[in-house]
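Here is the structure we will look at.
Protein chains get the first letters and strands the later ones, always in sequence-line order, with residue 1 at the start of each.
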Amino acid sequence: MEYDFRAIEQKWQQEWVRRGTYKVTEDPDKPKYYVLDMFPYPSGAGLHVGHPLGYIASDIVSRFKRLQGYNVLHPMGYDSYGLPAEQYAIQTGQHPAVTTAKNIARYREQLDKIGFCYDWDREVRTCEPGYYKWTQWAFIQMFNCYYDNQADKARPIADLVARFEKQGTEGLNVCCTEELSFTAAEWKAKTEKQQQETLMNYRLTYLGDTIVNWCPKLGTVLANDEVSEGLSIRGGYPVEQKLMRQWCLRVSAYAQRLLDGLERIDWSDSLKETQRNWIGRSEGTEMQFKVKDSDVEFTIFTTRADTIFGVTFMVLAPESELVPVLTTPAQQAEVDSYLDAVKKRTERERQADRRVTGVFSGSYAVNPLTGQAIPVWISDYVLAGYGTGAIMAVPAHDSRDYAFAKHFNLPIIPLIEGCDVSEESFDAKEGIMMNSGFLNGLTVKEAIQRTKQYVTEHHLGRVKVNYRLRDAIFSRQRYWGEPFPVYYKDGMPYMLDESRLPLELPEVSDFKPTAQGEPPLGHAKNWKTPEGYPLELNTMPGFAGSSAYYLRYMDPHNDQALVSKEANDYWQQVDLYVGGTEHATGHLIYSRFWNKFLYDLGYVCQDEPFKKLVNQGMIQGRSNFVYRIKETNTFVSYGLKDQYETTAIHVDVNIVSNDVLDIEAFRAWNPEYQTAEFILEDGKYVCGWAVEKMSKSMFNVVNPDSVVEKFGADTLRLYEMFLGPLEASKPWDTNGIDGVHRFLKRLWNLVAAGDGFAFSDEKATAAELKSLHKLIKKLTWDIEHFSFNTAVSAFMICLNELGKCNKREIIQPLIVLLTPFAPHICEELWQASGGEGSVCDAQWPVCNEAYLVENTAVYSISFNGKTRFTMEFPMDATAQEIEAQVLANEQAQKYIEGRTPRKVIVVPKKIVNIVL
RNA sequence: GCCGGAAUGGUGGAAUGGUAGACACGAAGGACUUAAAAUCCUUUGGCCAUCGCGGCUGUGCGGGUUCGAGUCCCGCUUCCGGUACCA
């Protein structure tokens, strides 16, 4: 009987659906295990072979855990709001919901063909009202909370209001946009609108003024990568920096907890490090500087308070609110023209063009320690969004300040003994202080501590921790996203009552912005509350829907709660999360934030959402080339191309096999090549190759369907794992796929006989049992350690060792072991071998170490590190016994030649080294 | 610039400090076939060899630790990711 993978795979995929094999319910009697894939955005291009890599790995773990007796939650869904569907809608008029549904259907079809064990009853789609109800709900909860630094958690905003009524801001220690100060009486005197405005300063979702790239012609905010040289990429319209009122998420409130939480989760060091850098904790000092001949004071942040004696100028960010205050009339014109120039520059240009620019404000600050007057400059190398948007510049010990000082000819005062600042600054935090008054003679590290102390004692400032992590801008001027559950009254936003959720995305006549420059929702009819209040026109960004989806899978049909307490208590958190590193500073920060917020409010029982995270590597494309001889339609094979002058041309990898071109398919591929001639080597046309990004234009996109069609899903699954370590990036290269396909065929042929199967009931030999149990042991270890490539090899080794063995006693457990990797063939063989039910419900075999025990071990005998011969010893021989026997050995004596060995080393790894 | 990760045959890749190159692809040779496909067997890092004895050499480069280093330490080179005026 042939291994007809098409029939087998189709049969079992239908059977699994019919039997509900992968349906999961909470079962308190079984230990749980939650395996999650990062859900995909269903793009129009469908899946390529890179996508399933992580899905296959997680599927293997899910099936493995299930065979081990765990109750495994392994769901899948779609991140189905997003820009591409909307862009497509603008171009074609096709409703994004329609394209999205179509793409999802295509994804599902592709996923089904690979044989995943998802419980599709738990599918979620972020664009469905039943789902985004809970995204909106979470937004409301955040709006109604503030962050209490004392309690170190989010608390209801009502508590804050109560506090304001009692004692105003006195003794307040909370997260806010701006430090405010008012009394209880002042609070009560505020109008409703003023109170609401004040609370905005504390809410976890708030309307905040943010600088964005605004394109008036397109009527939308653009991301930095959508802007180049001050023009929009799409259309080439001018873009300006604009302060806009946007919804923001106070992610920064959780900065320290996001940092601390990393200690308790099992993620790769590199990913944790990326998050640490992104959060960017920095301990320093905030210092007050008085402005000369004025009452104005301002605050700067520095990590090098020790260099205070070397400050030769101050710098303000152009957007700083101090700029208008400190600009003197004499400098007004110059400052205005500088600010104008800066305003036109985008973030991107600012990054690309590092030329030193700046302007003198006309004012002087007073060094709080020396009393010296120091000029205050304005420059865009200081960022408004970090620290206080103002710095003290110490050119001798900061390279940026140094460049600025050199350019504008400002003084440079070295503060560390022996440092040379004639060519560049000395940025290292080491050495002995000089020119620094009371700090002289201290090391830099001592000086930092001493200055902190001094500044605090003399009330010149305070010790402060800053984070690089910014609040997330949460508004998009887009159609295809979650509507905000927000209406406006008297210009102030209010949350819809939860009973009105979900607030469904309305139909619009046009997906473009309105003529008035409003977001697309401005086209919606009756976009207001029943009371007539206008609803928010912005929609939420892509990461909104993906921030809590893992919780929804626990209880996907619940319309009373995001997740019931019972379901959450049972599933707790994701045990294994598999996905790409590209989400390190986006989704993986936001969902940790979101989860911690829900944890604070008691809606979830775990502080961290993802216990263990594994990043699968990217699958790159492997492009193939043909070489056309210049000015001809003749193509020369790779090995001979150097004899001609040729042009390399990308050729569709799907008509190339093992780097050999299918010439007929090539002629048919493009009319241009219909009459092509070929210069072959060994009767074949060999193509060149290169590793490139997988993309249509390189003709190197391989989709899983074509592989499944040709080799079957089981082969695809095995091969993707066999390709190399899961976490490594590697090119998709089908050159080795025959190997794993052959492995499956060999296994099949072992038990296939005539029209049926033949399993032998003969007792297994010791050698066969040893092979099997070696495999059990290695596989268990490999799957637990995500070493899937060596796991696949282990099967091949085992099969090689077993030879022609078709004994049920050996093959049946082997089928169970293979099930996570190649479930379809295993179901078929399991049934053929007389196994009960589905192999998915079988039991993972346990390694019996007794079969692995060796009676004797072969030792390599080396002299001065060179292996000369081998000897056999009983397993339990002691080092002393081995040493004595080796030295007495006749052959050894030949090498020793009467000398006394200086040292004899017996290594448990079966090596004896004799040093002469 | 800073932070990660990597470098092993023709190729993908194995190797708790212990026989480097498992496993697989490719290639070469052979068996079975009229033939091809499929399948099976043998060889396969390089160099030398009186090719079935054996020898030398070999994990990006230069040092070091060790009886012993692909693996650990120090110093480089190259490549790939991430991040970037964060004071």
Side-chain angles (χ1 to χ4, degrees), chain A residues 2 268-278 280-282 284-285 300-305 307 315 317 347 350-351 353-354 356 379-383 385-394 397-401 403-404 427 466-470 581-582 584-585 615 617-618 620 622 658-660 682 689 691 718-719 722-725 727-743 745-746 749 787 789-800 858-860 862-867 870 901-916:
Chain A
E2 283 271 299
S268 74
D269 289 337
S270 74
L271 189 62
K272 286 198 216 175
E273 200 53 30
T274 304
Q275 289 213 340
R276 281 189 198 106
N277 291 341
W278 188 256
R281 183 190 155 98
S282 149
T285 313
I300 59 99
F301 176 75
T302 181
T303 52
R304 294 296 304 274
T307 58
V315 188
E347 277 303 310
R350 220 162 144 167
Q351 280 166 27
D353 179 12
R354 293 289 173 84
V356 176
S379 172
D380 65 356
Y381 85 88
V382 174
L383 304 177
Y386 184 77
T388 60
I391 62 156
M392 63 178 212
V394 186
H397 302 292
D398 183 286
S399 51
R400 297 153 302 183
D401 298 346
F404 195 83
D427 292 13
N466 259 332
Y467 298 91
R468 209 186 74 111
L469 184 71
R470 308 287 169 78
T581 34
E582 66 271 21
T585 54
N615 294 119
M618 286 243 286
Q620 295 142 306
R622 188 180 187 277
N658 286 355
D659 289 335
V660 175
D682 304 328
W689 62 273
V691 173
L718 273 172
Y719 187 59
F722 185 67
L723 213 47
E727 311 204 42
S729 282
K730 56 231 157 192
W732 177 257
D733 175 357
T734 46
N735 284 352
I737 199 163
D738 289 324
V740 290
H741 190 62
R742 223 168 273 165
F743 160 76
K745 275 201 279 193
R746 281 173 58 200
N749 290 335
S787 181
N789 53 332
T790 54
V792 177
S793 295
F795 281 113
M796 296 178 176
I797 295 168
C798 182
L799 211 61
N800 287 344
V858 179
Y859 279 68
S860 307
S862 313
F863 291 86
N864 291 336
K866 302 255 188 275
T867 305
T870 59
R902 196 154 54 84
K903 208 171 186 183
V904 177
I905 300 123
V906 178
V907 180
K909 267 289 160 101
K910 303 171 196 167
I911 290 180
V912 180
N913 190 27
I914 298 163
V915 185
L916 296 172

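Proximity note for A:Phe722 (side chain, C-beta onward) versus B:A24, B:A87, B:A84: the nearest is B:A24. The side chain of A:Met796 sits closest to B:A24 out of B:A24, B:A14, B:U39.
As judged by a 4.0 angstrom heavy-atom cut-off over every strand, A:Asn789 is placed among residues touching the sugar-phosphate backbone only. Looking at heavy-atom distances under 4.0 Å, A:Pro725 makes contact with sugar-phosphate atoms alone, never a base. Counting non-hydrogen atoms under 4.0 angstrom, A:Arg742 reaches the backbone sugars and phosphates but no base. A:Arg622 comes within contact range of no nucleotide atom at all, as no heavy-atom separation falls under 4.0 Å. Among the heavy atoms of the strands lying under 4.0 Å from A:Ile391 is at least one base atom, whether or not backbone atoms are also near. Residue contacts shown for A:Ser793 include a base, since a base heavy atom lies under 4.0 Å away.
Note: A:Phe404 and A:Tyr381 have tilted aromatic rings, judged against thresholds of 30 and 60 degrees for the angle between ring planes. Between A:Trp732 and A:Tyr719, the ring planes lie perpendicular to each other; the angle is over 60°, past the 30° to 60° tilted range.
Nucleotides B:G12 and B:A6 are separated by 15 Å at their C1' atoms, to the nearest Å. Rounded to a whole angstrom, the distance from the P atom of B:C3 to that of B:C76 is 13 Å. Atom C1' of B:G52 sits at a distance of 27 Å from the matching atom of B:G10, rounded to the whole Å. One P atom belongs to B:U71, the other to B:G58, and the distance between them is 14 Å to the nearest Å. Nucleotides B:A69 and B:A87, compared at atom C1', are 44 Å apart to the nearest Å. With P as the reference atom, B:C80 and B:C47 are 31 Å apart, rounded to whole Å. Comparing B:A15 with B:U8, their P atoms sit 15 Å apart, to the nearest whole Å. Straight-line distance between the C1' atoms of B:A31 and B:A20: roughly 33 Å, to the nearest whole Å.
Partner assigned to B:U39 is B:A31, using Watson-Crick or G-U wobble distances below 3.5 angstrom. Taking a pair to require two hydrogen-bonding distances under 3.5 Å in either a Watson-Crick or a G-U wobble arrangement, B:A87 remains unpaired. The partner of B:G81 is B:C3, by the rule that a Watson-Crick or G-U pair needs both atom distances under 3.5 Å. Across all strands shown, B:A15 forms no Watson-Crick or G-U wobble pair with both key distances under 3.5 Å.
Minimum heavy-atom separation, A:Leu383 to A:Ala317: C-CB, 3.8 Å. The two residues A:Phe722 and A:Ser793 make their nearest non-hydrogen contact at CE1-OG, 3.5 Å.
Between the OH atom of A:Tyr719 and the P atom of B:G13 there is a distance of 10 Å, rounded to whole Å. Rounded to whole angstrom, the span from the CG atom of A:Asp398 across to the C1' atom of B:G1 amounts to 13 Å. Protein atom CG of A:Asp738 is 12 Å distant from nucleotide atom P of B:C40, rounded to whole Å.
In this structure, A:Phe301 and A:Thr585 both approach RNA chain B, and ranking their closest nucleotides by distance from the 5' end singles out A:Thr585. The residue among A:Asp401 and A:Ser729 whose nearest nucleotide of RNA chain B is located toward the 5' end is A:Ser729.
Side-chain contact between A:Asp738 and A:Lys745 is absent, with no heavy-atom pair separated by less than 4.5 Å.
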